[in-house]
Structure formats: structure tokens, C-alpha cells
Amino acid sequence: MSFLGRIFGKKENEPGQATSRSMSKEDALAAYIIREHRSGRSLEDILDDAYLKNRSTEEQRLRLLEMPEVIRAVGEDTAAMAAERVRAS
């Protein structure tokens, strides 16, 4: 199942399949960024969020901004500007 499918999709459990799937910390943070952006928050505001800052380093946030799912969700230009802002802080 795709990354976004695991986050947003609802799928019936098949025989022999675990009832819950674990998500990596990075995937969970990417899902948070995507969800918050879809709710109307700016990427700059999301990156300043204490939730994200308390759970990731600057390097991890930069990696999140390079994830294809995040780039598609927020746009390449927005991600590039945010990466510069993270480096400057």
C-alpha cells in the first residue's frame, strides 16, 4: 500500500494481515505536514509548530521537505523556500 494510502486510506483487513500498521516517525511527521497544509495552514507556520520542532531536528525537517509526498502536497517552490528558512533559523 502506498504512503498516502496508509495514512488516509481505509482498507479492510485481509486474512493473515495485522490489525494495525506501524508508521515510521518520519512518515508520521510527513503525514502531519500534509494534513495541516490541507487544512489551510502555511508551510512556514507548520514548520514553526512546536509539535514538529519537538519531534524532529533541523536535519530531519529538511529531509521531510525532500520527501516526494510532501513536495507533491505543498508544491516544490513552497518546499524550497521553507528549506531555506529552516537553514537560516
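- In this structure the side chain of Arg85 reaches within 4.5 angstrom of the side chain of Asp48, judged on heavy atoms.
- Tyr32 and Leu62 end up in the same hydrophobic cluster when Ile, Leu, Val, Met, Phe, Trp and Tyr side chains are linked at under 4.5 Å.
- Note that CG of Leu52 is 6.5 Å distant from CG of Leu64, once rounded to the nearest 0.5 Å.
- With rounding to the nearest 0.5 angstrom, the NZ atom of Lys53 is 10.0 Å from the CD atom of Glu58.
- Screening Thr78, Leu43, Ile33 for a side-chain contact (heavy atoms from CB on, under 4.5 Å) with Val70, the sole residue that qualifies is Ile33.
- Within the 4.5 Å cutoff, the side chain of Met81 has no heavy atoms near those of the Glu44 side chain.
- The side-chain heavy atoms of Leu65 and Leu47, taken from C-beta on, include a pair separated by under 4.5 Å.
- Both Val86 and Ile34 are members of a single hydrophobic cluster when ILVMFWY side chains are connected at heavy-atom separations under 4.5 Å.
- Formation of a donor-acceptor pair under 3.5 Å by the Asp27 side chain with backbone atoms of Met23 is not found in this model.
- Between Ser39 and His37, the closest side-chain pair of non-hydrogen atoms is not below 4.5 Å.
- To the nearest 0.5 Å, the span separating OG on Ser56 from NZ on Lys25 amounts to 7.0 Å.
- Using a cutoff of 4.0 Å between basic side-chain nitrogens and carboxylate oxygens, Arg87 and Glu84 are scored as salt-bridged.
- Contact annotation: the side chain of Tyr51 never approaches that of Ile46 to less than 4.5 Å [non-hydrogen atoms, C-beta and beyond].
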Run the side chain to side chain contact (heavy atoms under 4.5 Å, CB included) check on Gln60 and Arg55 step by step: do they pass?
-> CA-CA 9 Å; Gln60 289 169 325; Arg55 288 164 178 78; over 6 Å; no
